[in-house]
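As structure tokens, the structure follows; a few thoughts come after it.
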Amino acid sequence: MRFYIDSSDLIAYVVIAENYLKYDLINEANSHWSPLISILLIPVNFCFENHFTAFHFLQLLIGFFCVAQCNKIMIKQQLPVIFQLPAQVILSVLIVYYGQLWGTPDLLFLTVLLWGLNRLISMNKSEVLTGFIFGLLFLAKSFGMVLFGAILLTDIALNFLQNGFSVNQLLRSIKFAAGFLVVASFWIIILNQNQNRFTVSTATDYNFDIMNPVLNPNPFDTMKHPALLDSLIPPSNDHSLFYWTTPFSFKMEPWRPWQTKDNTRHYLQIVKRNLFSLMSFYFGKDGGSLFVLILMVSLIKYGRKMFNAFNVLQIFIAASLLTCILYLLILVNHRYVWIADITLVFCFFGLMFDLLIKKWYVATSLLTGLFAALVLFEPCHEVYCHAYDGKKELASIASLKDMQNWSSDRFCSVKGNEQFENYTRSALICYYLNSKYYGMISSDIFSERGVEMLIKNKIRYVITYEPLRISSTDEHFIERIKTRSCNVYEFRAN
């Protein structure tokens, strides 16, 4: 997996980590990409020549810590060793799958969230330090601030309903919030100095604005990103290699659901789409999701006794529901709600323990084996399929570098059919050749409009991933770009 690159997100985090080291944190502070994963990547980069390999290694280290947090939770859940072992195997495979196939800080976010919830369960732990850990959650992903606020308010409300008003509880909540604010303020102050305005993050605004009715009129269609449109977008500054390292620099038309009735209807469609996406993760037509549905029905039957024995599950179910509900209001992706996957594993083995107490030995063994097979089939298959991805691309990029000196030159790529994959490949070429990637252009690059775009942006190289259809009428435009020293390459992975 050391050469596997799933998206341009991974490339952006690697570039940002290198810029933190080359320049300084204040000048390179990025209001879209949260800093923690890039900061952690800096010392690991010294151990590897290839920084993408360093990222994969860092994900393994984070995964080890994540598995350790899961083990602490199962101990608090009072699961016997006979269940801890298969649970550890399932969780370890899932966490390796999360870390190696997604080049994002979502595994880091999950790990810090488990760490924080672990401390929250232990009532005798320092509230300030627990808040400090939840502050790291914000540095892992800006969504951590929203989730922390929801957890804090839920904690206050539940304690008030159970015990009424308490000065000690109020002080505990204040200490908890203070620890969070100490860490969060560190990054917010740096961002404000960089942006010259007050901001916490632009990631949520960006994800919300790309769902606007003009860019994405039908939320149920494939989502259109500005980077995948037929337009060239220059990097925002000298240190940026391509647009996606600073998405906040692209100005989209802001919209708000309450502005018009049409906007309100469009937003309700977005929420509906998010709800359908969330349901498909856990209640799709595949066998694993069907089994999860059976599990949920079983939890209703045995849940009360189980929750009385292990209130640890209640906290994780509440955290999972809060995460899912909050993301429903913005944009849902499966990796955003991995906490729900982990919680389902805890719930399942809690249920199996309940059945073991009832001496249903055969049912317990069969259900455990079936659960493991259904949950692990897709992760194992995906890791196997992508285990050696990336080698051919790197060889082709090396041949491009030998042909020309691309350093600091501007280039763009032709859209083609696989727009998302082509953008990622182009960003990777941009990184290795130290050039400037201006985005994607439609396949009619030899039209008058296409040539004008190339000349206007002073593009030196165009890369296409599919054969171009050239007609006799294109010859005039081909001669025009030749005079501008613009070269067109067809890129093949082999």
Side-chain angles (χ1 to χ4, degrees), residues 1-30 33-71 91-112 114-115 133 136-137 139-141 183 186-187 190 239-242 244-245 335 379 382-384 386-398 401 407 424-425 427-435:
M1 301 299 298
R2 61 197 179 102
F3 297 115
Y4 179 67
I5 297 170
D6 67 301
S7 71
S8 51
D9 290 16
L10 169 54
I11 304 170
Y13 282 114
V14 169
V15 170
I16 291 168
E18 292 174 357
N19 286 346
Y20 283 165
L21 187 62
K22 286 180 186 176
Y23 310 105
D24 60 75
L25 191 61
I26 294 176
N27 288 329
E28 294 302 314
N30 194 307
W33 304 110
S34 298
L36 188 56
I37 191 76
S38 295
I39 291 172
L40 294 176
L41 184 60
I42 292 172
V44 184
N45 280 343
F46 287 108
C47 304
F48 296 89
E49 183 179 357
N50 187 305
H51 290 175
F52 297 108
T53 302
F55 190 95
H56 283 292
F57 182 76
L58 175 62
Q59 291 284 72
L60 282 177
L61 295 180
I62 295 169
F64 284 133
F65 189 67
C66 188
V67 170
Q69 294 304 313
C70 292
N71 186 55
L91 290 168
S92 297
V93 173
L94 284 177
I95 288 166
V96 169
Y97 167 62
Y98 295 158
Q100 299 304 302
L101 262 71
W102 276 272
T104 64
D106 291 284
L107 176 61
L108 178 62
F109 183 84
L110 172 66
T111 304
V112 178
L114 292 175
W115 188 17
I133 292 168
L136 295 178
L137 194 68
L139 297 187
K141 284 184 72 176
V183 180
F186 159 77
W187 181 241
I190 289 176
H239 303 162
S240 176
L241 297 181
F242 56 102
W244 195 236
T245 55
R335 57 188 169 87
E382 289 293 315
V383 170
Y384 173 78
H386 296 290
Y388 299 102
D389 282 4
K391 285 188 175 181
K392 291 181 179 179
E393 283 77 6
L394 292 182
S396 296
I397 291 169
K401 194 171 185 178
S407 181
T424 302
R425 289 191 192 105
L428 186 63
I429 291 170
C430 165
Y431 171 80
Y432 275 113
L433 304 184
N434 194 30
S435 51

Checklist entry - Quick one: does N434's side chain get under 4.5 Å of L241's, heavy atoms only? => result yes
Checklist outcome for this item: Correct closest heavy-atom pair for S34 and L139 would be CB-O, 3.2 Å
Checklist entry - Closest approach of G103 and Y13, non-hydrogen atoms and distance? => result O-CD1, 4.0 Å
Next on the checklist: Does any part of the side chain of F55, heavy atoms only, come nearer than 4.5 Å to the side chain of N45, both counted from C-beta?
Outcome noted: no
Next on the checklist: Ignoring hydrogens, what is the shortest heavy-atom contact between A29 and I190? Give both atom names and the distance.
Outcome noted: CB-CG2, 3.6 Å
Checklist entry - Taking only residues at least two apart or on different chains, which pairs with a member in residues 101-111 satisfy side-chain hydrogen bond (donor to acceptor under 3.5 Å, both in side chains)? => result T104-D106, D106-K141, D106-R335
Checklist entry - Any side-chain heavy atom of I42 within less than 4.5 Å of one from F46? => result yes
Checklist entry - Is any side-chain heavy atom of I62 closer than 4.5 Å to a side-chain heavy atom of I37? => result yes
Item to check | Closest non-hydrogen atom pair, T245 against S240 | outcome: OG1-OG, 2.6 Å
Checklist entry - Are any non-hydrogen side-chain atoms of P35 and W187 less than 4.5 angstrom apart? => result yes
Could you go through residues 14-23 and list every donor-acceptor pair under 3.5 Å that involves a side-chain atom there, pairing it with any protein atom two or more places apart or in another chain?
{"unit_1": "E18", "atom_1": "OE2", "unit_2": "H51", "atom_2": "ND1", "d": "2.6"}
{"unit_1": "E18", "atom_1": "OE2", "unit_2": "Y431", "atom_2": "OH", "d": "2.5"}
{"unit_1": "N19", "atom_1": "ND2", "unit_2": "H239", "atom_2": "O", "d": "3.2"}

Checklist entry - Are L428 and I11 close enough that some pair of their side-chain heavy atoms sits under 4.5 Å apart? => result yes
Item to check | ring pair (Phe, Tyr, Trp, His ring centres under 6.0 Å) partners of F242, counting only residues at least two apart | outcome: none
Checklist outcome for this item: OH of Y97 to CD of E382, rounded to nearest 0.5 Å, is 5.5 Å
Item to check | Nearest-0.5 Å distance, CG of residue L114 to CG of residue N71 | outcome: 12.0 Å
Checklist entry - Do other residues, nucleotides or ligands put more than 12 heavy atoms under 6.0 Å from F57 CZ? => result no
Next on the checklist: Does any part of the side chain of D9, heavy atoms only, come nearer than 4.5 Å to the side chain of W33, both counted from C-beta?
Outcome noted: yes
Checklist entry - Got a second to check how far F52's CZ is from Y432's OH, nearest 0.5 Å? => result 5.0 Å
Item to check | Contact summary for A54 and V44, nearest pair of heavy atoms | outcome: O-CG1, 3.5 Å
Checklist entry - Can you tell me how far the CG atom of L110 sits from the CD atom of Q69, to the nearest 0.5 Å? => result 10.0 Å
Checklist entry - Quick one: are L61 and L40 in side-chain contact, heavy atoms under 4.5 Å? => result no
Checklist entry - Which atom names give the shortest non-hydrogen contact between S8 and A427, and what distance separates them? => result CB-CB, 4.3 Å
Checklist entry - With respect to Q100, which candidate in L60, I95, V383 satisfies the side chain to side chain contact (heavy atoms under 4.5 Å, CB included) definition? => result L60
Item to check | Rounded distance [0.5 Å steps], OG1 in T424 versus CD1 in I429 | outcome: 11.0 Å
